[in-house]
Amino acid sequence: MLFLIPKALDVISPLLLLVFAILVNRSRPGRDYMIWFIAAQAGLNTIAYVLDQILLKSNLPLYHLNCLVSFLILSAYFSTILHFRKARFMLSVVLALYLVFFFINLMLWENIWSFNSNSFSIASLILVTYCFLFYLEKLIHPATTNMAESRDFWYVTGIFTYYAGSFVIFATYRKFTQLNVQHLGVLWQAHNIIFLILCLYLFKAILCKPSQEKFSL
Amino acid sequence: MQAVAGEIQFVIASTLLLLLITSFVIVFVVIHQRQYRKYLLEKEEIKNAYQQEILKAQLEMKENTLHTISQEIHDNIGQVLSLVKLNLNTVVLEDCSPAIGKITASKELVGKAIQDLRNLSKSLNTEHISSGQFSRAFQTELDIIQKTGFLETSLQVRGTERPLDPQKQLIIFRIAQEVIHNIIKHARARSLSVVLTYTPEKVMLSISDDGGGFSLSALNDPGRKDKGTGIANMYHRARLIGAVLSIDSQPGKGTLTQLTLPAQF
């Protein structure tokens with residue numbers, strides 16, 4: 001029974017986190033983009049798990065959807081926390097370009113029944129860049145409050161760890177599935193452990209009060 | 001197959017390396033931000049201390065000047081006028097003399113001038129404000145206003161009065177004088193009420209009037225040219241002693257000014 005836990009980590013952890021997030025932000029959970037991200041992960045990963053482990057059907061189309069939905073939500077989230085000049089405009093342009101790439105990739109290179117390494121790895125690169133921009137802003141304009149008490153800092157750290165850590169897995173996973181490699185499940189279990197780290201960072205974020213860094217000197 | 005398994009190992013190793021790098025980045029950002037925050041807080045503390053020193057020096061200079069003027073009024077002009085009054089008293093006139101009315105009126109005028117100068121001397125002298133009982137200093141100030149007949153004044157002390165830091169007591173008193181001055185000048189009020197509240201956590205001074213009041217939004221309008229520096233100075237002085245100043249007013253409903261000084265200050 002214990003060997004099932006690493007396989008289901010990407011289902012159990014977001015579900016528990018979602019319940020906790022809703023309980024903590026009971027007043028207005030819908031206003032926090034990251035709660036939508038957790039909800040999307042919980043929902044899509046659960047369906048993917050049921051398809052793969054119970055119904056024994058391919059769940060790969062769900063990963064296309066997961067990648068797209070996550071990127072949309074996280075782009076919206078970063079547009080609220082990045083404050084450099086024309087940040088919203090630039091994020092909108094990047095989002096539009098990514099959407100074009102996503103659908104071209106789907107039609108020409110990676111069909112819906114294969115793992116979407118291209119779109120996942122490009123999304124990871126973009127999101128890691130956004131995280132670096134966030135850190136850069138914090139280094140250039142540090143606040144007088146403690147960063148470790150900032151909800152946004154822990155959200156971004158979770159996103160940074162997950163997308164930077166999983167980048168190689170995302171980039172190589174399609175090739176390995178096509179080669180029908182043995183012990184491929186180990187690789188996805190490694191991904192699930194990084195996903196658990198993401199959830200732990202998000203848990204820490206939810207424990208913090210929102211908008212800690214209001215007054216920069 | 002063995003080679004492919006090696007590729008998976010390579011991917012996992014790369015992933016671990018990336019995780020390590022991300023950890024370094026996060027630790028660097030946290031440490032840097034913490035150090036910078038510490039530096040900014042220290043800078044802010046130095047800036048505040050510097051401003052307080054400047055304010056203290058300014059106040060000392062101002063109070064010394066006022067003290068000198070007060071002494072001059074009391075010891076010099078006051079004495080001269082007392083002598084004039086004494087001389088007038090020694091003038092012997094016959095009951096039917098036409099000058100008797102003028103002399104009597106002059107004696108009364110000189111007496112009033114001496115009393116006014118004493119009051120002025122007392123209000124300029126800060127010793128009774130900074131070292132004496134706070135409520136007594138307020139009562140003296142309100143008595144002077146009451147005597148003018150423009151305003152009905154009242155003072156109420158709630159809680160047990162305790163001594164404050166003399167410098168802070170003086171700054172609070174000067175803020176209160178500015179508020180009272182504004183009421184006399186602008187409010188068209190009939191009564192003025194001062195309440196001093198002492199609790200273990202704070203000292204609160206409330207000054208209210210029943211005058212015309214004003215719109216706070218108009219006060220905050222940056223385009224308004226007649227705004228003056230009095231209110232800005234009041235806020236600045238309150239901030240420097242760690243107190244919170246609030247003004248609540250509406251046209252036609254009077255004004256309430258409250259100054260709260262936490263006990264730890």
Side-chain angles (χ1 to χ4, degrees), chain A residues 117 124 128 131-132 134-150 153-154 156-173 175-191 193-194 197-198 201 204 212-213 215-217, chain B residues 1-54 220 222 232 235-236 238-240 242-246 262 264-265:
Chain A
S117 281
S124 299
V128 167
C131 295
F132 273 119
F134 175 81
Y135 290 139
L136 193 67
E137 269 192 10
K138 293 293 154 208
L139 291 179
I140 295 171
H141 306 291
T144 50
T145 49
N146 192 355
M147 196 188 242
E149 290 169 11
S150 157
F153 173 75
W154 292 111
V156 173
T157 300
I159 297 165
F160 181 57
T161 307
Y162 174 65
Y163 282 99
S166 306
F167 175 74
V168 185
I169 297 174
F170 288 147
T172 56
Y173 203 74
K175 187 190 159 194
F176 289 143
T177 52
Q178 283 171 346
L179 290 172
N180 208 11
V181 174
Q182 262 192 334
H183 310 302
L184 189 57
V186 176
L187 204 58
W188 200 251
Q189 283 171 26
H191 160 271
I193 289 167
I194 302 171
I197 298 171
L198 161 73
Y201 278 128
K204 167 73 184 160
Q212 276 290 310
E213 297 166 39
F215 47 93
S216 292
L217 285 175
Chain B
M1 198 59 79
Q2 189 65 35
V4 177
E7 277 183 31
I8 289 179
Q9 283 174 7
F10 175 75
V11 170
I12 290 175
S14 307
T15 303
L16 286 174
L17 185 69
L18 280 171
L19 281 175
L20 197 66
I21 294 168
T22 56
S23 307
F24 277 128
V25 172
I26 294 160
V27 169
F28 168 74
V29 171
V30 170
I31 290 173
H32 182 277
Q33 204 267 354
R34 199 167 286 177
Q35 293 290 334
Y36 200 85
R37 184 174 147 252
K38 201 175 154 191
Y39 162 72
L40 285 178
L41 286 174
E42 280 172 3
K43 202 172 132 186
E44 186 74 359
E45 273 171 21
I46 291 167
K47 199 175 144 191
N48 279 344
Y50 176 70
Q51 277 186 326
Q52 276 182 342
E53 280 304 313
I54 285 183
N220 295 325
Y235 275 107
H236 179 67
R239 210 166 42 240
L240 282 173
V244 178
L245 181 76
S246 70
Q264 68 264 29
F265 281 94

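In what follows, every chain begins at residue 1, and chains take the letters A, B, ... in the order their sequences are listed. Worth saying up front: this structure is predicted, and the values here are computed from it rather than measured.
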Interatomic distance, CZ@F167(A) vs OG1@T22(B), rounded to 0.5 Å, equals 14.0 Å

Hey, could you give me the CG/CZ distance between L139(A) and F28(B), rounded to the nearest 0.5 Å? 5.5 Å

In Å, rounded to the nearest 0.5 Å, how long is the span from CD1 of I169(A) to CD1 of I12(B)? 7.0 Å

So, taking the atom named CG in L19(B) and the one named CD1 in I194(A), what distance separates them when rounded to the nearest 0.5 Å? 4.5 Å

To the nearest 0.5 Å, atom OH of Y135(A) lies from atom CD1 of I26(B) at 4.5 Å

Minimum side-chain heavy-atom gap E7(B)-K175(A) below 4.5 Å: yes

Minimal heavy-atom distance between G165(A) and L18(B), with the atoms involved, is CA-CB, 4.3 Å

Do Y173(A) and V11(B) touch side chain to side chain, with heavy atoms closer than 4.5 Å? no

Do the side chains of T172(A) and F10(B) get nearer than 4.5 Å, heavy atoms only? no

Best-contacting candidate, A164(A), A171(A), C131(A), S166(A), against chain B by heavy atom pairs under 4.5 angstrom: A164(A)

Interface moiety of F132(A) toward chain B, non-hydrogen atoms closer than 4.5 Å: side chain

